[in-house]
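A quick write-up on the structure given underneath.
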Amino acid sequence: MKKILILTLCVCFCAVSFAQEPVKVACVGNSITYGIGVANPDKDSYPAQLQRMLGEKYKVERFGKPGATLLNKGHRPYMQQKEFKDALAFAGDIVVIHLGVNDTDPRNWPNYRDFFISDYRALIDSFRVVNPKCRILIARTTPIADRHPRFESGTRDWQGEIQLAIESVAKSAHVQLIDFHKPLYPYPYLLPDAVHPNEEGASLLAKTAYEGITGNYGGLKMPELFTDNMVLQYGRPIDIHGTANAGDKVTVTIGKQKQKTVTGLDGKWRVTLHPLAAGGPYTLTVSTAERLLTFNNVLAGEVWLCSGQSNMEFHLNWSATAKQDVPNAANDQIRLFDQKERWRTNAVEWPVSVLDSLNHLQYYKDTEWKVCSPETAGKFSAVAYYFGKKLQDSLQVPVGLICNAIGGSPTEAWIDRRTLEYQFPAILRNWKQNDFIQDWVRGRAALNVKKSTDKQQRHPYEPCYLYESGILPLEHFPVRGIIWYQGESNAHNKEAHEKLFNLLVQSWRKNWNDAELPFYFVQLSSIDRPSWTWFRDSQRRLMTEIPHTGMAVSSDRGDSLDVHPKQKKEIGERLAAWALNRTYGHRNVVPSGPLYKSVSFARGAAYVSFDYADGLCTSDGKPIGTFEVAGEDELFYPAQAVVEDGKIKVWSKKVKDPKIVRYGWQPFTRANLVNGAGLPASTFRTE
């Protein structure tokens with residue numbers, strides 16, 4: 001009888017000749033392989049679930065030892081346990097090893113890390129001795145959630161080092177590497193005690209082991225953005241990738257190009273197409289021997305991701321100029337991929353039926369690329385539509401717009417988990433109660449999930465959630481850049497947002513493997529919310545600190561009572577001006593209104609210099625308003641202001657020796673300074 005041995009430590013890959021009798025699979029590892037965390041290990045541990053998946057042609061046995069370490073000098077070395085001896089006696093044809101989780105204990109890794117690779121190799125060799133033809137698979141370790149008490153004191157960092165060591169073992173020992181980390185990582189609630197997967201988590205491990213053993217990944221599949229009518233980024237190599245069964249030959253064709261590749265043991269395949277000329281339509285085909293996928297009416301053009309919260313989500317149908325613009329929206333050269341939420345985050349209780357889908361990161365509806373028309377554009381983001389229309393008119397190439405904005409969403413919901421774990425772990429913990437979240441955001445989230453009986457119930461406002469449900473599924477789909485309209489849900493804490501916004505840009509640039517990915521964002525508008533003066537100025541400073549960003553001013557289009565101003569056309573076109581000037585090199589397009597540059601003081605007045613200052617004037621023909629000055633006492637007084645030699649001279653009779661200037665420093669402002677292009681100056685405060 002042949003068996004398969006599954007280890008919670010690591011898995012090796014060796015060729016094996018299958019007989020008619022069952023193949024023996026040995027699962028080797030620690031408490032996770034044993035089944036701690038599930039109610040009935042004999043029925044629901046990952047090896048038990050794997051047995052059901054593989055069927056009667058396989059015999060799966062589990063040899064998990066709770067608390068076991070891979071390190072032979074660790075506090076409980078696996079190779080000194082009875083389970084190890086039993087696993088050797090089993091002499092599996094396939095051995096699946098998952099060890100390393102307990103090696104993160106401070107008793108182990110800090111002292112004995114230098115022995116990890118050699119100890120792992122010795123473990124692998126032991127199984128090869130008892131069955132020279134065995135096939136061994138080793139697993140990257142399951143995640144340890146940030147709730148773990150030792151997470152920041154060492155576990156987080158040591159587990160990362162252990163993962164790298166496991167990858168080195170797989171290469172040097174010529175065994176198959178499978179990934180027990182990735183399937184669980186976006187689902188920390190599947191680790192109730194921060195370490196051990198529950199039954200559902202164990203099923204993900206079983207599925208991973210099943211795929212690794214059989215090579216069956218469900219056949220040819222493509223990321224969800226690949227549909228008819230899509231736009232591929234032109235003018236640069238195009239990464240086309242997907243999954244298929246291990247060893248499947250994949251052929252990709254478009255135009256006169258044909259690329260071939262073979263699917264790896266991990267079920268992944270990838271080809272790189274030569275840059276496409278703008279235009280089309282093209283037909284893209286992706287095929288294996290068993291399946292042909294055909295995508296029709298494909299264009300090559302400029303692709304932009306449009307994201308944020310409700311002001312980016314705000315539909316064209318709701319905008320101030322909808323009556324004249326929606327009927328004229330038909331344009332075959334603009335394509336829309338609209339990721340709509342299944343349930344809007346309004347102040348309502350969600351039905352129980354939606355709550356499980358939230359826990360499974362199924363917040364967005366299935367969608368496909370649509371040709372821009374009055375019907376599709378009317379329900380699409382107004383800001384994104386006006387941005388895309390301006391680009392298409394100016395560049396005369398197709399434009400693809402991907403929108404996944406979610407009303408009320410905080411910045412932290414859009415950042416990848418690893419970035420927050422390493423650079424802002426405090427925001428992950430107890431997010432519904434911590435001080436980082438704004439009260440109305442917390443209250444809305446609580447109301448949405450009020451009917452849930454699950455203490456771990458997830459919500460789109462949870463840190464990392466929208467990254468994992470809305471950004472990861474994009475699968476690195478090539479984009480030219482990002483436009484972003486968000487901040488209302490973080491405006492109460494500009495200090496936290498300053499850190500988060502930096503991490504957001506960093507996170508997305510890493511996801512798209514582009515350190516210079518353009519990121520153009522909207523500065524919050526005017527409204528009677530006291531914190532917004534400081535927040536707007538913080539956004540202005542962030543633009544100067546983070547390279548390859550630009551900020552569209554919207555304060556002149558605000559509403560004192562409505563957080564959703566309806567004049568979206570100007571905002572979309574201002575974002576487009578940044579893209580045209582910075583990304584596409586159209587130097588004749590002015591990207592911004594006057595931006596504070598510097599200030600000097602002389603003869604009782606301040607002289608303020610601006611970038612983009614050509615043609616300084618006022619939008620209404622009235623005197624320049626809303627300037628204030630203060631002395632060293634920082635008591636501000638209204639000031640007069642005039643244009644003088646390309647600068648703004650500011651003074652007040654009440655301040656003889658001014659030291660600080662501010663402009664538009666009211667939550668809702670009637671600031672009227674513009675440049676010759678008619679673009680408004682950002683509100684600001686000098687140091």
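Just so it is clear, the model here is predicted, and its values are computed rather than measured. The figures here come from the full heavy-atom set of this structure, side chains too, leaving out hydrogens, waters and symmetry mates.
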Shortest non-hydrogen contact from [X] toward [Y]:
X: Asp157; Y: Tyr422; result: OD1-CE2, 3.3 Å
X: Gly29; Y: Tyr78; result: O-CE1, 3.2 Å
X: Leu71; Y: Asp103; result: N-OD2, 2.9 Å
X: Ala496; Y: Asn493; result: N-OD1, 2.9 Å
X: Thr142; Y: His181; result: C-CD2, 4.1 Å
X: Ser168; Y: Ile117; result: CB-CD1, 4.1 Å

Roughly how far, to the nearest 0.5 Å, is [atom2] of [Y] from [atom1] of [X]?
X: Met79; Y: Leu70; atom1: CE; atom2: CG; value: 9.0 Å
X: Lys59; Y: Leu54; atom1: NZ; atom2: CG; value: 13.0 Å
X: Trp350; Y: Lys450; atom1: CH2; atom2: NZ; value: 15.0 Å
X: Ser172; Y: Ile124; atom1: OG; atom2: CD1; value: 7.5 Å
X: His459; Y: Asn448; atom1: NE2; atom2: CG; value: 3.5 Å

Practice task
Apply the test side chain to side chain donor-acceptor pair (under 3.5 Å) to residues Ser357 and Gln362: give CA-CA distance (whole Å), side-chain angles for both, the deciding distance (0.1 Å), then the verdict.
Solution key: CA-CA 5 Å; Ser357 65; Gln362 297 170 344; 5.3 Å; no

Any carboxylate oxygen within less than 4.0 angstrom of a Lys/Arg side-chain nitrogen, looking at [X] and [Y]?
X: Asp193; Y: Arg147; result: no
X: Glu412; Y: Lys499; result: no
X: Lys494; Y: Glu498; result: yes
X: Asp86; Y: Lys82; result: yes
X: Glu421; Y: Arg417; result: no
X: Arg156; Y: Glu161; result: no
X: Asp105; Y: Arg107; result: yes

Practice task
Please confirm whether Lys65 makes a cation-pi placement over Tyr34, using NZ or CZ under 6.0 Å from the six-membered ring centre and within 45° of the ring normal.
Solution key: no

Practice task
Mark yes or no: Arg444 above the aromatic ring of Tyr461, with NZ or CZ under 6.0 Å from the six-membered ring centre and no more than 45 degrees from the axis.
Solution key: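 Judged by the rule (NZ or CZ under 6.0 Å from the ring centre, within 45° of its axis), Arg444 is not positioned above Tyr461.
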
Measure from the side-chain N and O atoms of [X] to the backbone N and O of [Y], and report whether any donor-acceptor pair falls under 3.5 Å.
X: Trp512; Y: Phe477; result: yes
X: Arg135; Y: Ile213; result: yes
X: Asn108; Y: Gly74; result: no
X: Ser45; Y: Asp42; result: no
X: Glu83; Y: Ala87; result: no
X: Arg76; Y: Pro66; result: yes
X: Thr272; Y: Pro237; result: no
X: Asn404; Y: Gly470; result: yes
X: Asn245; Y: Gly219; result: yes
X: Asp119; Y: Asn72; result: yes

Do the two ring centres, one from [X] and one from [Y], sit under 6.0 Å apart?
X: Phe535; Y: His497; value: yes
X: Phe84; Y: Phe63; value: no
X: Tyr465; Y: Trp414; value: no
X: Phe501; Y: Phe521; value: yes

Would you check if [X] and [Y] make a side-chain contact, meaning some heavy-atom pair closer than 4.5 Å?
X: Gln486; Y: Leu504; value: no
X: Glu200; Y: His360; value: yes
X: Leu205; Y: Tyr210; value: no
X: Pro197; Y: Leu190; value: no
X: Thr104; Y: Trp109; value: no
X: Val175; Y: Arg121; value: no
X: Gln457; Y: Leu358; value: yes
X: Pro223; Y: Leu474; value: no

Practice task
Not counting sequence neighbours, which residues clear salt bridge (Lys or Arg N to Asp or Glu O under 4.0 Å) with Lys207? List them please.
Solution key: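 Residues passing salt bridge (Lys or Arg N to Asp or Glu O under 4.0 Å) with Lys207: Glu211.
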
Should the heavy atoms of other residues, nucleotides or ligands under 6.0 Å from [atom1] of [X] be counted, would the total exceed 12?
X: Arg342; atom1: CZ; value: yes
X: Gln433; atom1: CD; value: yes
X: Asp435; atom1: CG; value: no
X: Lys249; atom1: NZ; value: no
X: Asn513; atom1: CG; value: no

Practice task
Determine the interplanar angle of the Phe436 and Phe424 rings, folded into 0 to 90°, and report it as parallel if under 30°, tilted if 30 to 60°, perpendicular if over 60°.
Solution key: perpendicular

Practice task
Would you please classify the geometry between the His476 ring and the His241 ring as parallel, tilted or perpendicular, with 30° and 60° separating the classes?
Solution key: tilted

Would you say the side-chain atoms of [X] and [Y] include a donor-acceptor pair closer than 3.5 Å?
X: Thr288; Y: Asp248; result: no
X: Gln159; Y: Thr141; result: yes
X: Asn359; Y: Asp454; result: yes

Completion exercise
Residue pairs passing the salt bridge (Lys or Arg N to Asp or Glu O under 4.0 Å) test with at least one member in residues 171-191, sequence neighbours excluded, are Arg140-Asp179

